[in-house]
Amino acid sequence: MQNNETMRVQDRKSRIEKHHIEDLIGRSYMSLCVLLLIISIVSMVYFVTSKGISTFAIDKVSLADFFFGTKWSPEGDNPTFGALPFIAGSFITTLLAALIASPLSICAALFMTEIVPGWGKKLLQPVIELLSGIPSVVYGFVGLSVIVPFLRNVFPGQGIGVAAGALVLSVMILPTITSVAADALSALPRNLKESSFALGATRWQTISRVILPTTLPAILTGVVLGMARAFGEALAVQMVIGNAPFIPKSLFESASTLTSVITLGMGNTTMRSPHNNALWSMALVLMLMTFLFVFIVRLLEKRRSI
Amino acid sequence: MKARAVDKIATIVIVTLALLIVAVLAGLLGYILFRGMSHISWDFLTSAPRKIREGGGIGPQLFNSLFLLILTLLITVPLGLGAGIYMAEYARPGRITGFIRLIVEVLSSFPSIVVGLFGLLLIVNIFGLGFSLVSGALALTVFNLPLMVRITEQAFRSVPAQQKEAGFALGLSKWKIVTTVLFPVALPAIITGTILSAGRVFGEAAALMFTAGMSSPRLDFGNWNPLSPSSPLNPFRPAETLAVHIWKINSEGLAPDAAQIAAGASAVLVITVLIFNLVARYVGRLIYRKLTASRRMN
Amino acid sequence: MEATLTAPQILKAPKMERDFRTENLSIFYGTYEAVKGISLPFPEKSVTALIGPSGCGKSTFLRSLNRMNDEISGSTSKGSIWIDGVDINAPGTDVIKLRQKIGMVWQKPNPFYKSIYENIAFGPKYHGVKGKKALDEIVESSLRRAALWDEVKDRLKDSALALSGGQQQRLCIARALSVNPQILLLDEPASALDPVSTGKVEELIKELKEQLRIVIVTHNMQQAARVSDFTAYFYLGQLIEYGMTEKVFTNPENTMTQEYIMGRFG
């Protein structure tokens, strides 16, 4: 009897039904899509890395000269590939943009969730969505035709420079930080706030002592995501920063970032030339920074769940 | 007493800064539309740009942007659906799923200029596709795919689990359930997300400068043979898009009216993105209503 | 009613060829044993009610009967589920084919986001029924069996979501019936409904048991007493008591069963 039943079960197994075929087709199709996704990132990492290290492997530029050299003159008989001005430019603009955008974004998030949760959200939600939808070249154009002349009139210098770049970037990363912060604030358990209010705390005391400390990792996640966007943004910054290959001594002096120098240089160099390879090395730096930003975001998210 | 005063000041500061953001957006939109609208005319939208003389239009660029968007969506949407469905319905928690999730996250935060360089190296040079619409569309696929995967995954995850169970209980295969029971429910969210991502694709420039190229051949809009080099439909021709055009005239424009052209083109770009936003909301709601017949419920 | 066997008869009867029962069935979520080695028969033409406090494993047990737990990752099972002399819990069973034989209805009505007609015709169409006429017939007969036909016959093309909650639940029953199952599993089918709709669903259960076996999970003791022929009391994943409903409700053997039922009635 036992035998008989096993056989019938086996029999069911061996028959190929319509649903087997359907599931097979579905699974193959999805696997193909996922595979393409994996291939695209693996090949991107591979190509950027292999091109990026050729500055050091083939052109024999030392790591110290590249990362700490301040002189960038890639053409000529005795080229130097000091990329520090661009690395510094990227970090300065990104940090400044985060410093400008973070308080604004946190205030916007508080406005949406704590101060006037009803119409505050209705007002700011579309504003944030539209700000994030505006293309970066448009930000660059407005920066060039509004912010730069304004800075030129008010401060010394030509208007172009780190300050202009940071201002444009700060508007561009506002939506990222605000939406992450607002999500975190609205996910906060209600009783947390209520118990604080019950103790007689004012709204600001509740916000500063209870709400912000609890949501700090989440808000920082938003800030890091915003910085990642700022660090990788190319055209808007390039259009307003001036593109001089020096470490700026003031905020109103022309400077460059990694992305701006790639944008301008890539079209004017030939493949496999040392100049071109040096640009790929900067792309490699951008990629490694992306990994770092994602890593930090993951660390922060881990802290959130605990 | 003191705490009250601090509370009041803090509230005022928060409200002021929040409203400042609204003012920034209003100023931004107002400026772009105010400066650009006066330059927009039928002629501007349809005629070809001029290098040195004034009066050039953005016709080919506008066409290129739209064509490239369609090509990109044709590649991205099926791929994004497949991978997104996998993540939402099939992936079991584990290392591989974690790895794919990491990939999507990394890919979505990749600087678009790096995506452009990658496209230049692999698609333009190694694959030999040259500066072309196809190259641009493939680069934009890399750029847009992670977003599409997320949109799909979220849309499927928000379908009530009981829908799937009902399908299982009827003896349907999982793939059948996914495609015919869950998909229609997830569709409004997918469409809304896709249209919003289309706005992003439409405005992207950095990934395209070195893939779709920064020039456009003389197009003959009477020639609809996709294999002819002067045909607008030829996917293997270089194609400067609107966003790339704005960048180019801002940095190296020689025409005396370059600033007005940039303003007009920016306005067109922003208006298009606004339309995408509005359409996304409207279409999503419309389909949802049709599916659930919620109007009848009221 | 005359065909219904009494509980003692069924429990003593030899294993029939056409039977449906579990044997030593255990369900695990990871290492947690949610259902502990339960053997239970589900006699023909009768309603078996599974009762017990929340978390006692009765819903898990019900869901395992059509291998629905397979879809939850980390869920495993031991033991057998016998249907017509075949252990459907054995590895290699074609779960998808199997589910066609076992209909299921949940606590919350879950019609597909499709028209009323499509909700019913969808399953049969998938399983190979062709032709509009054949499908029309199935739709009508399924809706009639679920006592919904008269209310919806003029608006079959409307979205199923436009129906009231009670109508939706009967539509779900009709949908389950559309593929001609031999067994119907009901997971608290009336707990989200108003009293009138509940009455209709209970009426329906009594009618349907003439055609198939029904297993129902319910928190409502009155309902269990009204509709079921046999009752099984679960507690902490174990089967505490099983017998004819009348006996379990009026004269339970186990004091735990008594306390639970009394507590719920009071």
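Every chain is numbered from 1, with letters handed out A, B, ... down the list of sequences. Computed from a predicted structure; not experimentally measured.
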For B/Phe110, which atoms come within 4.5 Å of any heavy atom of chain A: side chain, backbone, both, or neither?
both
With a 4.5 Å cut-off on side-chain heavy atoms, are A/Leu235 and B/Met209 touching?
yes
Measuring heavy-atom distances to chain A, does B/Ile9 have an atom under 4.5 Å in its side chain, in its backbone, in both, or in neither?
neither
How close do A/Asp23 and B/Trp175 get, counting heavy atoms only, and between which atoms?
OD1-N, 2.9 Å
Does the side chain of B/Leu120 come within less than 4.5 Å of A/Met271's, by heavy atoms?
yes
Pick one of side chain, backbone, both or neither for B/Leu20, based on which atoms fall under 4.5 Å of a heavy atom in chain A.
side chain
Sort by residue number and list every member of residues 129-139 of chain A having a non-hydrogen atom under 4.5 Å from chain B.
A/Glu129, A/Leu130, A/Leu131, A/Gly133, A/Ile134, A/Pro135, A/Val137, A/Val138, A/Tyr139
Which bit of B/Leu29 is near chain A, if near means a heavy-atom gap under 4.5 Å: side chain, backbone, both or neither?
side chain
Quick one: closest heavy-atom pair of B/Gly82 and A/Met30, and the distance?
O-CG, 3.4 Å
Check each atom of B/Val106 against the heavy atoms of chain A and say whether the ones under 4.5 Å are side chain, backbone, both or neither.
both
Go through the atoms of A/Tyr29 and report whether side chain, backbone, both or neither lie under 4.5 Å from a heavy atom of chain B.
side chain
Would a 4.5 Å heavy-atom cut-off, applied to side chains only, mark A/Trp204 and B/Ile14 as touching?
yes
Check whether any side-chain heavy atom of A/Phe111 sits under 4.5 Å from a side-chain heavy atom of B/Leu17, and report yes or no.
no
Identify which part of B/Leu81 has an atom lying under 4.5 Å from any heavy atom of chain A, answering side chain, backbone, both or neither.
neither
Any non-hydrogen side-chain atom of B/Leu172 less than 4.5 Å from a side-chain atom of A/Glu22?
no
Do B/Ile100 and A/Leu37 come within less than 4.5 Å of each other through their side chains, counting heavy atoms only?
yes
